[in-house]
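Working notes, structure below.
Below, chain A is the first sequence line, B the second, and so on; all start at residue 1.
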2 protein chains.
Amino acid sequence: MTVSRVMNQTGYVHPATREKVLRVANEFNYRRNGLARGLKMQCTETIGLVIGDVANPFAAEVIRGVREVLTARGYTLFVCVCEQSIKEEVAAFESLADHRVDGIIVATRASQSGNAHLKKLIESGVPVVALGRDFAHRHTDFVSADHLKGGYDATAHLIQLGHKHIGFIGTKQTYGAGLKRFQGYLEALRAHRITPQEQLIVGGQNDADQTPGYSTEEIGYAGMNRLLDLRKPPTAIFARNDFTALGAISAIKQRGLCIPQDVAVVGFDDVPLASHTSPPLTTVFQPTHEQGKIAAEFMLRRIEALEPMPRAERVLPCRLVIRESTVAGGIGAN
Amino acid sequence: MTVSRVMNQTGYVHPATREKVLRVANEFNYRRNGLARGLKMQCTETIGLVIGDVANPFAAEVIRGVREVLTARGYTLFVCVCEQSIKEEVAAFESLADHRVDGIIVATRASQSGNAHLKKLIESGVPVVALGRDFAHRHTDFVSADHLKGGYDATAHLIQLGHKHIGFIGTKQTYGAGLKRFQGYLEALRAHRITPQEQLIVGGQNDADQTPGYSTEEIGYAGMNRLLDLRKPPTAIFARNDFTALGAISAIKQRGLCIPQDVAVVGFDDVPLASHTSPPLTTVFQPTHEQGKIAAEFMLRRIEALEPMPRAERVLPCRLVIRESTVAGGIGAN
DNA sequence: GTCTTTTCTGGTAACGTTAACAGATGCTTA
DNA sequence: TAAGCATCTGTTAACGTTACCAGAAAAGAC
């Protein structure tokens with residue numbers, strides 16, 4: 001008991017006793033057992049973050065944001081990576097719940113069975129915050145960027161440059177943000193009285209229950225080639241994310257075409273790489289770091305509230321970053 | 001007790017009883033308490049991975065490799081990110097040790113106080129594997145790539161192309177792999193009877209006890225500019241990593257110089273980005289995914305051994321990837 | 001029918017911590 | 001001197017699980 005008081009710096013302990021305890025603890029390499037503590041205290045001061053793909057720069061920024069807030073408040077962050085596999089995602093939920101983290105921030109892609117498991121978790125009392133993924137639940141907070149508006153702005157930008165024949169490349173998963181970006185594309189076209197054309201939309205749909213929608217450089221490359229093979233290829237491309245855009249750029253260059261003169265390209269996410277491509281990529285910036293911070297704040301608020309909290313939502317604006325893949329000229333054109 | 005038997009599928013339980021337990025468990029959303037289990041069992045089937053910087057593609061690959069092996073064996077991986085801060089690194093060690101993970105894989109940069117804490121941890125009985133960082137301890141396994149040879153090969157490649165005036169850009173931390181790469185550079189020069197020149201080596205040294213050596217694009221950019229301001233600038237550059245190389249490339253291009261005709265550039269790591277720069281970057285590939293897998297295997301072997309294991313070491317070969325930043329021509333030259 | 005074995009279920013104690021309480025000591029105040 | 005208070009330390013019980021043991025019930029052997 002006295003040891004406990006020394007370790008937690010609570011209650012009265014005689015300075016001499018404190019010294020002695022610390023000395024002996026040091027001598028025997030004593031560490032307080034967090035399992036026993038968590039068991040007794042019913043809290044571990046630990047938050048789990050489930051993320052699909054760490055290779056994605058999005059992940060790094062989210063982690064940074066979440067961590068920033070959590071460490072400042074004395075919480076530890078454990079990150080679980082599930083490599084875009086729903087089976088692994090569910091396993092991560094179970095693991096985190098088993099180890100009694102105080103809350104789980106979920107930043108994976110939405111999926112049917114993932115959502116079902118999540119719902120069970122929430123009903124068993126684990127606080128959950130959804131980040132950048134659709135998830136509706138009475139007791140779950142939600143943070144995201146405005147992908148719909150982002151997609152709209154990207155497409156409107158191309159339209160304002162005079163493009164009328166605008167392609168979309170990327171997997172259009174049935175769940176989640178990817179769909180929103182695509183809807184933004186459609187809405188922008190319609191708002192400017194351009195009829196969306198089926199053959200200009202490539203990348204396919206995913207079976208949302210097997211692999212969550214994820215769009216890669218390969219998809220961008222293959223998709224762009226399909227578009228360039230059309231009798232009347234598009235003069236501009238809105239890619240679902242920067243990696244897809246990058247693949248598209250490779251395909252365009254390989255045919256000896258010029259960007260943006262022959263084909264203009266807009267991506268999404270503004271990954272660090274985007275400003276280093278040639279030409280530098282016009283893209284939509286989403287405040288990822290900010291999303292992480294807000295998710296963490298929502299989580300702490302929820303944990304520290306004594307009674308069940310109502311759902312909090314926050315949708316952050318995106319910002320179009322215009323570079324030379326849509327507007328010619330500038331120093332970096334190389 | 002019977003519930004425990006049902007949950008763990010051990011011992012004798014009457015089928016009817018099992019059904020009943022499962023039904024009630026489901027009804028009340030019962031989850032076995034991993035804390036209590038860990039407390040009793042003295043193991044949590046959980047491994048901690050401490051990593052400095054998730055934004056680095058190196059991290060993603062390491063995580064993937066480690067995870068692959070661990071999940072196959074029923075272990076859960078918790079990743080702790082410490083943003084290149086030694087204070088945070090130590091906090092991560094404490095957290096993981098507190099929560100009684102079964103072992104810790106350390107993939108941060110080495111540092112004096114980090115190493116000291118690590119040593120204490122090991123002495124208190126936590127199995128530790130060091131990945132890609134120098135750490136000598138009788139009971140700690142070690143996995144790394146052969147940075148020395150990698151640095152040697154990169155430099156030798158430039159020498160074979162006829163370069164005699166070869167610069168080095170990058171922080172040369174007193175601890176760890178960065179130093180090895182630099183030593184490889186020096187050894188290659190000496191082996192070809194070229195005297196290393198102080199003024200061709202830029203990027204500075206870090207105070208290994210404050211921030212672990214980490215070399216960025218900014219350092220590459222600034223360093224390259226310093227080199228280009230010399231009366232006799234180098235005709236080739238070996239950069240400590242690809243990001244640094246990228247910064248150097250920006251600086252070279254900005255002065256209107258050509259790569260590789262005016263200045264050849266070699267990086268290190270072969271990040272995905274390296275093949276997309278213009279020109280594509282010659283660099284040294286290190287088998288990161290493999291390192292992760294081996295680290296995890298070492299860890300499991302150590303955990304499952306009943307008695308203390310002697311140190312295991314494994315140094316994997318790197319491979320020079322020649323692209324157009326050293327050898328002109330090719331399709332992708334743009 | 002009796003004995004042995006297998007199958008099944010529950011009691012007890014322990015893992016290491018902390019909240020709550022109880023008791024001891026010394027110091028201050030009336 | 002006695003009461004009141006602050007300071008300090010130890011005891012007990014509980015968190016939820018599992019190893020170990022005990023015993024009951026069922027099944028099989030003779």
Side-chain angles (χ1 to χ4, degrees), chain A residues 1-46 48 74-76 94-103 121 123-127 303-304 306, chain B residues 1-46 48 74-76 93-103 120-121 123-127 303-304 306:
Chain A
M1 193 59 229
T2 301
V3 173
S4 170
R5 271 188 283 258
V6 171
M7 291 299 161
N8 297 310
Q9 311 193 32
T10 57
Y12 294 112
V13 182
H14 193 90
T17 316
R18 155 171 287 119
E19 278 314 304
K20 199 163 138 193
V21 168
L22 288 175
R23 189 166 46 73
V24 175
N26 195 52
E27 185 178 337
F28 290 97
N29 251 321
Y30 167 82
R31 296 204 64 84
R32 153 184 100 180
N33 187 322
L35 299 178
R37 177 167 223 266
L39 181 59
K40 177 69 184 158
M41 306 278 277
Q42 305 284 22
C43 80
T44 53
E45 301 192 323
T46 292
Y75 280 77
T76 303
E94 307 261 299
S95 264
L96 289 168
D98 268 5
H99 290 280
R100 290 294 193 272
V101 294
D102 293 339
L121 217 60
E123 269 147 29
S124 76
V126 184
I303 288 171
E304 281 159 16
L306 297 172
Chain B
M1 195 56 232
T2 302
V3 173
S4 170
R5 272 188 283 259
V6 171
M7 292 299 162
N8 295 311
Q9 309 194 33
T10 56
Y12 294 111
V13 182
H14 192 91
T17 316
R18 155 172 286 118
E19 279 312 306
K20 200 163 134 193
V21 168
L22 289 175
R23 189 165 45 74
V24 175
N26 196 52
E27 185 178 338
F28 289 96
N29 251 322
Y30 168 83
R31 297 203 63 83
R32 153 184 100 180
N33 188 322
L35 298 177
R37 177 166 223 264
L39 181 59
K40 178 69 183 159
M41 306 279 277
Q42 306 284 23
C43 80
T44 54
E45 300 193 322
T46 293
Y75 280 77
T76 303
F93 292 158
E94 308 259 301
S95 265
L96 290 169
D98 267 5
H99 291 279
R100 290 295 191 271
V101 294
D102 292 339
K120 273 194 90 172
L121 217 60
E123 269 147 30
S124 74
V126 183
I303 289 170
E304 281 158 17
L306 297 173

Phosphate-side-chain proximity, B:Asn8 and D:dT18, N/O vs OP1/OP2 below 4.0 Å: yes

Side-chain heavy atoms of A:Asp98 within contact of B:Arg31, under 4.5 Å: yes

Separation of atom NE2 in A:His14 from atom C1' in D:dG10, rounded to whole Å: 17 Å

Closest to side chain of B:Arg5, choosing from C:dT17, C:dT7, C:dG10: C:dG10

Side chain A:Thr44, main chain A:Arg100, donor-acceptor under 3.5 Å: yes

A:His99 and B:His99, any side-chain heavy atoms less than 4.5 Å apart: no

Gap between atoms CD and P, on B:Glu45 and D:dT17 respectively (whole Å): 16 Å

Nearest-nucleotide pick for A:Lys40, side chain only, options being C:dA14, D:dC8, D:dC15: D:dC15

pair A:Arg5-A:Thr17: side-chain heavy atoms closer than 4.5 Å: no

Phosphate OP1/OP2 of D:dG10 contacted by A:Thr2 side-chain N/O (<4.0 Å): yes

Separation of D:dG16 P from B:Arg31 CZ (nearest whole Å): 15 Å

Single hit among A:Leu121, A:Thr46, A:Val101 for side chain to side chain contact (heavy atoms under 4.5 Å, CB included) with A:Leu96: A:Val101

Rounded distance in Å - CG (B:Asp98) to C1' (C:dT17): 12 Å

From A:Leu22 atom CG to A:Glu27 atom CD, the distance as rounded to the nearest 0.5 Å: 12.5 Å

4.5 Å side-chain heavy-atom contact, B:Phe93 and B:Val126: no

Below 4.0 Å: OP1/OP2 of C:dA14 and any side-chain N or O of B:Gln42: no

Interatomic distance where CG belongs to A:Leu35 and C1' belongs to D:dG16 [whole Å]: 12 Å

Pairwise 5' ranking along DNA chain C for B:Thr17 and B:Met41, keeping only the more 5' one: B:Thr17

A:Arg100 CZ to D:dC15 C1', straight-line distance once rounded to whole Å: 11 Å

Minimum-distance nucleotide (side-chain atoms of B:Tyr12 versus C:dT6, D:dA19, D:dC8): C:dT6

Atom pair distance, as rounded to whole Å: CZ in A:Arg32 and C1' in C:dC15: 17 Å

Sugar-phosphate, base or nothing in reach of B:Met1, heavy atoms under 4.0 Å: base

Nearest-nucleotide pick for A:Arg37, side chain only, options being C:dG16, C:dT18, D:dT17: C:dT18

Distance in angstrom units between B:His99 NE2 and C:dC15 P, rounded: 22 Å

Net bend of the helix from C:dG1-D:dC30 to C:dA30-D:dT1, end axes of five pairs each, nearest 10 degrees: 40°

